[in-house]
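Each remark here refers to the structure printed beneath this line.
A quick note: this is a predicted structure, and the numbers were derived from the prediction, not measured. Every number for a ligand or one of its atoms is a count from 1 in the order of the listing. By convention here, the first residue in the shown sequence is residue 1.
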Amino acid sequence: MKIYNYLLNIIKTKGACYLVLLDPDKLSESKLIPFIRQCERSGVDGFLIGGSLMINGNLGEFIERVKEETSIPSIIFPGSVNQISPAADAILFLSVISGRNSEDLIGKHVIASPIIRRAEIEPISTGYILIESGVTTTAVYMSGSMPVPRNKPEIAAATALAGEYLGMKLIYLEAGSGAENSVPDEMVNAVSKVCSVPVVVGGGIRNPQAARSKVENGAGIVVTGNFFEDENNWDMIKEFASAVHNKMPVEV
Ligand code: 1GP
């Protein structure tokens, strides 16, 4: 529970936690180290590492390089059962509870569990809820399931509550990487109201204001990925972190 408790503690002290997604397929060798340094300087609380396909990247080697460079926790955000490595600190043990596909609800977990145990990394049980976002995202396509309609916050809330009652430690509202629209604030609000575990929000968040409004609506953890594929945006990492850390005094 070390990393889970770390996340809870950040939420308690800073108001919310800011995680940046590193996709080994998208982040070139030459950009990785400067990007990590910039994240460290800018107040990022942790890295989610993973990708839907992992076409070129080697996850284990990638995490090792990240770990050499920083003490910020590395948490695997697995796109498949192949994405498990002892180099990480923890892994989001994702169950796609918005879908009805048994493989993504429990099947892959049976295969992954002994590997995670051998790797001695911390599994963080996470109810993963895919939200309709304007386009068919990779996450929706790969899971072969229907996302929750954007205008149905009550379905998201009931699904999240079921996840919490099943013992899940995080509820992740996912619009999908590169989503046209992020998860609606009203939905974040409806889910946060019924859940006592932290609500993670990710997908399509492209400015600090959007990040802040997820937190104001109850998100405990905000995730961004795509936006920083463009190096010209790296200067804004700090603004994102300050927007998420709403209990901290604003730095000038
Ligand atoms: C993590 O999929 C997100 O939940 C990341 O989304 O790449 O759109 O920021 P973006």
Side-chain angles (χ1 to χ4, degrees), residues 7 16-27 31 35 38-39 42 44-54 57 59 73-80 83 90-99 104 124 126-143 145 147-148 150 156 160 163 168 170-185 187-188 191-192 198-215 217 219-234 236-237 239-241 243-244:
L7 298 174
C17 180
Y18 180 42
L19 302 182
V20 167
L21 175 65
L22 306 178
D23 183 340
D25 268 345
K26 292 184 180 160
L27 199 55
K31 281 188 179 177
F35 183 61
Q38 180 100 10
C39 287
S42 309
V44 169
D45 301 304
F47 294 114
L48 288 187
I49 304 182
S52 303
L53 294 169
M54 202 68 64
L59 185 80
S74 290
I75 304 168
I76 298 175
F77 184 43
S80 74
Q83 294 176 28
I91 182 167
L92 295 187
F93 199 61
L94 300 171
S95 189
V96 185
I97 57 175
S98 52
D104 289 325
I124 303 176
T126 303
Y128 199 44
I129 304 181
L130 304 179
I131 310 298
E132 184 191 8
S133 67
V135 289
T136 304
T137 59
T138 310
V140 165
Y141 180 80
M142 294 305 282
S143 71
S145 64
V148 175
R150 297 182 65 71
M168 290 162 179
L170 296 175
I171 294 297
Y172 196 138
L173 299 178
E174 174 67 276
S177 193
E180 231 166 71
N181 304 298
S182 63
V183 177
D185 289 351
M187 190 178 268
V188 176
V191 170
S192 304
V199 174
V200 187
V201 181
I205 298 174
R206 292 187 193 83
N207 57 63
Q209 297 72 23
R212 169 65 73 119
S213 86
K214 304 305 169 207
V215 175
N217 280 283
I221 300 178
V222 173
V223 182
T224 64
N226 235 274
F227 188 69
F228 298 120
E229 274 170 35
D230 181 349
E231 219 168 318
N232 297 317
N233 293 337
W234 290 9
M236 285 175 70
I237 305 173
E239 282 179 55
F240 274 84
V244 172

Which ligand 1 atoms are under 4.0 Å away from a heavy-atom of [X]?
{"X": "Gly202", "result": "4 (O)"}
{"X": "Thr224", "result": "9 (O)"}
{"X": "Val223", "result": "1 (C)"}
{"X": "Asn226", "result": "7 (O), 8 (O), 9 (O), 10 (P)"}
{"X": "Gly178", "result": "7 (O), 8 (O), 10 (P)"}

How close does the nearest protein non-hydrogen atom get to [atom], and which residue and atom is it?
{"atom": "atom 1 (C) of ligand 1", "result": "Tyr172 OH, 3.0 Å"}
{"atom": "atom 6 (O) of ligand 1", "result": "Gly203 CA, 3.3 Å"}
{"atom": "atom 9 (O) of ligand 1", "result": "Gly225 N, 2.8 Å"}

- Identified ring-ring contact (aromatic ring centres under 6.0 Å, His included) partner of Trp234 from the options Phe240, Phe35, Phe228: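 Considering Phe240, Phe35, Phe228, a ring-ring contact (aromatic ring centres under 6.0 Å, His included) with Trp234 is found only for Phe35.
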Is the closest side-chain heavy-atom distance between [X] and [Y] below 4.5 Å?
{"X": "Asp104", "Y": "Ser145", "result": "no"}
{"X": "Thr224", "Y": "Val20", "result": "yes"}
{"X": "Val199", "Y": "Lys214", "result": "no"}
{"X": "Pro78", "Y": "Leu94", "result": "yes"}

- Gly204 N/O under 3.5 Å from ligand 1 N/O: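 There is such a contact, yes.
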- Under 4.0 Å from ligand 1, counting heavy atoms only, is it the side chain of Glu174, its backbone, both or neither?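 The answer is the side chain.
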- Message: Nearest 0.5 angstrom please: Ile131 CD1 to Leu173 CG, how far?
- Response: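 Rounded to the nearest 0.5 Å, the CD1-CG separation comes to 5.0 Å.
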